[in-house]
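Reading through the structure tokens given below for one structure.
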Amino acid sequence: MVLINENYNKLEETYLFTRIAKKRAAYAEAHPEAEIISMGIGDVTLPLCPAVITAMQQAVQEMADAATFRGYGPEQGYTFLKDAIREYDYRAYGIELADDEIFVSDGSKSDTGNIGDIFSVANVVAIPDPVYPVYIDTNTMAGREIKLLPANEANGFCPQPPEWHADIVYLCSPNNPTGSVLSRAALEEWVAYARREGALILFDAAYKAFITDPDVPHSIYEIPGAMECAIEFSSFSKTAGFTGTRCAFTVVPKVLKGRDSEGREFSLNAMWNRRHITKFNGVPYIVQKGAAAVYTDEGRQQIAEALDYYRANARLIKQTFDELGFTSFGGDNSPYIWLKAPNNMTSWEFFDLMLEELNIIGTPGVGFGNQGEGYFRLTAFGSHENTAIAMQRMREYFSTK
Ligand code: PLP
């Protein structure tokens, strides 16, 4: 019989969303009249914007004609999309990237998970707690040593560089699940740490489109010296509603180096390119045409409207909790609101209360790590109508308590 990768035995059960789904189903069966509102899963509700739809329809037409049909494309992505990324995601913030420093992919989940392929299992990895679970799980699968960086109220859910050495550090800003953001000064400290320690930062910017504060960088490369110590992940999922359409991109600067056990230096860009072309065959042309349309004047205006729609939800949620006297975080520069459960309730106790008394589903904070115990994540990705109804229920229930 085949020998398995025993590291998989060390993975925590992915029971979080399964347990939520089970509890919801059981409640719905017992209370068929209940109108349950989901503010739990981080998926968008608005459809793709018209500019994207038109571009994808045109691309479908091209695929229908032998003269314009396309088969395999460049694994790293078409130049028309990478040029738009270079212009609007980077040059607009004073960052110059070469075409071959950008790798278009089918998602930041895959990229943040797969990037580990090019690193030794001997690296010590620092990961914030609570966190987007992919970082922990993929490093556990690889068998790397993980050290946690506690994120809590004392540090504003933004862990500082530790006293100890790490080889790889995961940072996510704006953060899932806490909604916290790393300011320019905080990122400068991380870049200084990475350069001092010879560490590599893996910077997940999946929610950068929600940033409005000028003091919060959209890219880690806005910090001088970051090109020499950071890889950055971005995605069209939350920026432009591509969660089901699938398109993202990762930047691996050519100056980034790693070393082998004998101290010889290697280009991480060349290694990621080798990994990418070996295991990935490119994002569909139709999808890349849709993604490129996000950067047109029309597309930018339309996605700005969609982002404002979610921001209005975030403001309403935050304002409701403030008025009710809850302690909450996030919601500015972020679609996530991180709520402290009242009266020292655990995350799951508060989940049950919200489901049973208010018919609202959120995500227990403890599902993102032990430091998340006692917290609860709500998302602004719902419709205005449902968000308003949910907040009205909150007011009615908690203002009498
Ligand atoms: N990174 C973070 C922090 C996320 O929360 C998510 C999705 O929820 C992703 C990456 C995944 O992005 P994608 O849809 O591009 O795979």
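Just follow the structure's listing: the first ligand is 1, and inside any ligand the first atom is 1. Throughout, residue positions are numbered sequentially from 1 according to the sequence presented.
At least one heavy atom of Cys172 sits closer than 4.0 Å to an atom of ligand 1. A heavy-atom separation below 4.0 Å is not found between Phe242 and ligand 1.
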Evaluate the criterion ring-ring contact (aromatic ring centres under 6.0 Å, His included) for residue pair Phe103 and Phe280; output intermediate values, then yes/no. CA-CA 11 Å; Phe103 297 85; Phe280 187 63; over 10 Å; no
Evaluate Gln76 against Asn273 for side chain to side chain donor-acceptor pair (under 3.5 Å), listing each step before the verdict. CA-CA 8 Å; Gln76 303 89 341; Asn273 188 51; 2.7 Å; yes
Worked verdict on Phe157 versus Tyr375 for ring-ring contact (aromatic ring centres under 6.0 Å, His included): CA-CA 12 Å; Phe157 296 98; Tyr375 292 88; 5.5 Å; yes
Could you please spell out the steps behind the side chain to side chain contact (heavy atoms under 4.5 Å, CB included) verdict for Leu97 and Met227? CA-CA 10 Å; Leu97 291 181; Met227 283 281 186; 3.4 Å; yes
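When each atom of ligand 1 is checked for a heavy atom of Gly107 under 4.0 Å away, the hits are 15 (O), 16 (O).
Annotation: Ser235 places an N or O atom under 3.5 Å from an N or O atom of ligand 1; distance criterion only. Taking distance alone, with nitrogen or oxygen atoms compared against 3.5 Å, Arg246 approaches ligand 1 more closely than that limit. Ligand 1 has no nitrogen or oxygen under 3.5 angstrom from a nitrogen or oxygen of Ser110. At least one N or O atom of Lys238, backbone or side chain, sits closer than 3.5 Å to an N or O atom of ligand 1. Annotation: Tyr336 places no N or O atom under 3.5 Å from an N or O atom of ligand 1; distance criterion only.
Contact between Phe80 and Tyr285 at its shortest, heavy atoms only, is CE2-CE1, 3.7 Å.
Among protein heavy atoms, atom 9 (C) of ligand 1 sits closest to Tyr132 OH, 3.3 Å.
Phe233 is not listed as a side-chain neighbour of Ser105, based on a closest heavy-atom distance of 4.5 Å or more. Gln319 is not listed as a side-chain neighbour of Met391, based on a closest heavy-atom distance of 4.5 Å or more.
Scanning Ser237, Gly113, Pro335 for the heavy atom closest to atom 14 (O) of ligand 1 points to Ser237. One option in Asn175, Asp204, Ile41 has a heavy atom closer to atom 1 (N) of ligand 1 than any other, and that option is Asp204.
Contact annotation: for Phe233 versus ligand 1, there are no heavy atoms closer than 4.0 Å.
Aromatic ring orientation, Tyr170 versus Tyr135: parallel (interplanar angle below 30°, classes split at 30° and 60°).
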